[in-house]
4 protein chains.
Amino acid sequence: MFIEIEPQSTVPIYEQLTRQIIEGIARGDMQAGETLPSVRSLAADLGVNMHTVNKSYHELEAKGIIFIRAKSGAVIRSADERVLTLEQLQQIEKNLKPVVAEGMVLGATEKQIEDMMKKVFADLQLRVEGV
Amino acid sequence: MFIEIEPQSTVPIYEQLTRQIIEGIARGDMQAGETLPSVRSLAADLGVNMHTVNKSYHELEAKGIIFIRAKSGAVIRSADERVLTLEQLQQIEKNLKPVVAEGMVLGATEKQIEDMMKKVFADLQLRVEGV
Amino acid sequence: MFIEIEPQSTVPIYEQLTRQIIEGIARGDMQAGETLPSVRSLAADLGVNMHTVNKSYHELEAKGIIFIRAKSGAVIRSADERVLTLEQLQQIEKNLKPVVAEGMVLGATEKQIEDMMKKVFADLQLRVEGV
Amino acid sequence: MFIEIEPQSTVPIYEQLTRQIIEGIARGDMQAGETLPSVRSLAADLGVNMHTVNKSYHELEAKGIIFIRAKSGAVIRSADERVLTLEQLQQIEKNLKPVVAEGMVLGATEKQIEDMMKKVFADLQLRVEGV
DNA sequence: GTGGTCTAGACCACC
DNA sequence: GTGGTCTAGACCACA
């Protein structure tokens, strides 16, 4: 999995990490049941502090994407274990709204935004479909 | 325009403001050429600090959505004035990506996400179509 | 509010803090709508690190007992805002179970345990009822 | 006796084990005078480390619930042998307090908590009464 | 070896 | 002034 941190970004490092791990899972780089690198080793790899990675892992756990087995690592939950709750769907919609609205106000058409979404989808599913 | 601030949100107030103004424009509550409320009056209405509103307006200007005429108000730019640059399109895609990825990893299907996007679109365009 | 930390306890400091704040609220020392001390001032008062207090506050937020307004403090949620979910009830039951079981195995009768619970209840409600 | 370990719990495995053995005894699955499974066999059954089971057994001994006869097994003490000390009663009360306080703060009524306790009691005594 | 906890101290964004 | 983030470094309990 290739993770690239932009230290000067306004997006916190732990949040960048969280997003990239999620994208990695969506892309199929990592499979359910696999263990994420230990907080210390990933921190060393990325050149960031252990606590920063730890915070990201806990955010992923709160989102229901991994679970952390104390003292033995962070494991990606399987799709079966992940029940898509109504709350989560609403959260996604809430996240989607400002992005779509900004696109529209900037002059993008519905079609342009839909195409963009399909492109994002295709990019992420490349490997999954390929398997 | 109805603006509602959630003080307990982790999203900064100025950012919530920015998003809601964008949604208001997308929804057609405000038209191109119209002037946004003055910084002071909007701040008073919402019970937030003047600087917070000011910061939001400047963010909108940076996004190319309004322009601020010193001492005479913030005016919504018309769609004609807004050129959808490639840079902006890429920005939208960049914003869209983590939302879609998270949805997928949580178990949403492509269809569910597309439907959600259409719903967001429909919500925003209600008034525009009605006019 | 009197908070006393036992540094040598096996219970983490942030957890001791969380419990004592909960007890303080239950006891009526602090009312809904009130702001908890700032993380830094409470940390200084107790002689612990800022991050430890911060972790406790976030635990309280996760439990739905307070909400943290970024950069302006942690506020106790009112009972109205707190909807007792089924999940929370089950959590309480799950917490209750080992305590009751241990009491029974050690030879306590049902009555003894019930009396103990009533005593705990009475202790906590003293001030609330007194008001 | 059915013992189920939740690996992803924040509660240490040895502690989960201790609680479930206590519940098993409270429930009447195991009687005073009986010998617990050997450390090795229970560890193998549960797929956990031998040291983990060992730690749990020693915790049970410290609580006065079993006694460990070197090389011949862990025996459940009879109720007669178990003297409920004032210290133990206070310990139970100390354990009960945070659970009750949290319930109250979350909006549970005294009755709800009492009912929950009765339910826990009933669950545990099912088999005892049945015998 | 792993995550959990804790400390000390720093800079920043927001209000 | 507040919480948010980040770093560096330490000790501990668990497995």
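A, B, ... follow the sequence lines: proteins, then strands. Residue 1 opens every chain. On a predicted model such as this, the values are computed, not experimentally measured, just so you know.
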(request) Any chance you could encode DNA chain F as dot-bracket? Rule is Watson-Crick or G-U wobble with both distances under 3.5 Å; [ ] for pairs crossing earlier ones, | for another strand. (result) ||||||||||||||.

(message) Quick check on contacts: within residues 60-78 of chain C, what sits under 4.0 Å from DNA chain E by heavy-atom distance?
(response)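 Hits under 4.0 Å, by residue number: Lys71(C).
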
(request) List the protein contact pattern of nucleotides 5-11 of chain F with one symbol per nucleotide (5' to 3'): B for base contact, S for sugar-phosphate-only contact, - for none; contact means a heavy-atom distance under 4.0 Å. (result) BBBBBBB

When the distance from [atom1] of [X] to [atom2] of [N] is rounded to whole Å, what number comes out?
{"X": "Leu36(A)", "N": "dT2(E)", "atom1": "CG", "atom2": "P", "result": "13 Å"}
{"X": "Leu42(A)", "N": "dT2(E)", "atom1": "CG", "atom2": "C1'", "result": "14 Å"}
{"X": "Tyr57(C)", "N": "dG4(F)", "atom1": "OH", "atom2": "P", "result": "12 Å"}
{"X": "Leu17(D)", "N": "dC14(F)", "atom1": "CG", "atom2": "P", "result": "13 Å"}

Quick one: [atom1] on [X] to [atom2] on [Y], what's the gap to the nearest 0.5 Å?
{"X": "Ile25(C)", "Y": "Leu36(C)", "atom1": "CD1", "atom2": "CG", "value": "6.0 Å"}
{"X": "Ile5(A)", "Y": "Glu15(A)", "atom1": "CD1", "atom2": "CD", "value": "10.5 Å"}
{"X": "Ser38(C)", "Y": "Leu42(C)", "atom1": "OG", "atom2": "CG", "value": "8.0 Å"}

Salt bridge (Lys or Arg N to Asp or Glu O under 4.0 Å) with [X]: which residues, sequence neighbours excluded?
{"X": "Lys63(B)", "value": "Glu102(A)"}
{"X": "Glu34(A)", "value": "none"}
{"X": "Lys97(B)", "value": "Glu23(A)"}

(message) Is there a side-chain contact between Thr52(D) and Leu46(D) in this structure, where contact means two heavy atoms from C-beta onward sitting under 4.5 Å apart?
(response)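 Sidechains of Leu46(D) and Thr52(D): no contact.
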
(request) Using a 4.5 Å cut-off on heavy atoms from C-beta on, say whether the side chain of Pro37(C) contacts that of Tyr57(C). (result)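 A side-chain contact under 4.5 Å exists here.
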
(request) Could you tell me whether Lys55(A) and Glu59(A) have a side-chain N and a carboxylate O separated by less than 4.0 Å? (result)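 Salt bridge absent between Lys55(A) and Glu59(A).
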
(message) Regarding Glu6(B) and Lys94(A), does a basic nitrogen lie under 4.0 Å from an acidic carboxylate oxygen?
(response)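 Here Glu6(B) pairs with Lys94(A) in a salt bridge, since their nearest N and O are under 4.0 Å apart.
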
